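First comes the structure, then the notes that go with it.
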Amino acid sequence: MSALAASSATPSAAQTLSLFRSLLRAAREFPDYNIREYTKLRTADAFRHNATLSDPNSISTAFAHGKSQLAVVKRQAVVYSLYAPPLRNVMELQQTPF
C-alpha cells in the first residue's frame, strides 16, 4: 500500500476512539484548570460535530486534523507545565462541608 493510499484510508472506529482517548489523556496534562477543561470540552465538541460525517474523504481529513491537534495539545501541555502558576485554581480546591 502506498503512502498516499495509507493516508487516505478511512480510519476504523477503534482508531477514532483511540484518538479521542489520547486527546482526553493529553488534556489531563495541563496544569491549568481552565485550559484543561477547555481542551476536554473542545475535544468532545469536535468529535460530536464530526460524528455525522459519511464521506470517506471527509472522515479521513477530520481524522488527520485530529491527529495534528493531538500533537499540538501534547506540545502545549509541555509548554504550559514549564510556566505553571504556583497557586491552584479555586475550582480545584477541595470543598469542605460546613
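Treat the numbers as computed from the prediction; the structure is a model and nothing was measured.
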Check whether T61 reaches the backbone of N57 with its side chain - one donor and one acceptor, N or O, closer than 3.5 Å.
yes
Would you compute the distance between atom CZ of R25 and atom CG of L23 and round it to the nearest 0.5 angstrom?
10.0 Å
A77 versus A26, closest heavy-atom pair with distance
CB-O, 4.3 Å
Between atom CD of Q76 and atom CD of Q69, what is the distance when rounded to the nearest 0.5 Å?
10.5 Å
Please output the side-chain donor-acceptor pairs of residues 41-56 that fall under 3.5 Å, not counting sequence neighbours, one pair per line with the distance.
residue: T43; atom: OG1; partner: T39; partner atom: O; Å: 2.8
residue: D45; atom: OD1; partner: R48; partner atom: NH1; Å: 3.0
residue: N50; atom: ND2; partner: A46; partner atom: O; Å: 3.3
residue: D55; atom: OD2; partner: S58; partner atom: N; Å: 3.4

When rounded to the nearest 0.5 angstrom, what is the spacing between OG1 in T16 and CZ in R21?
11.5 Å
Backbone N/O of F30 and side chain of R36: donor-acceptor pair under 3.5 Å:
yes
Please determine whether residues V73 and Y80 belong to a single hydrophobic cluster, defined as Ile, Leu, Val, Met, Phe, Trp and Tyr linked transitively by side-chain heavy-atom distances below 4.5 Å.
yes
Specify the closest pair of heavy atoms between S60 and A9, including all atoms of both residues, with the distance to one decimal.
OG-O, 3.2 Å
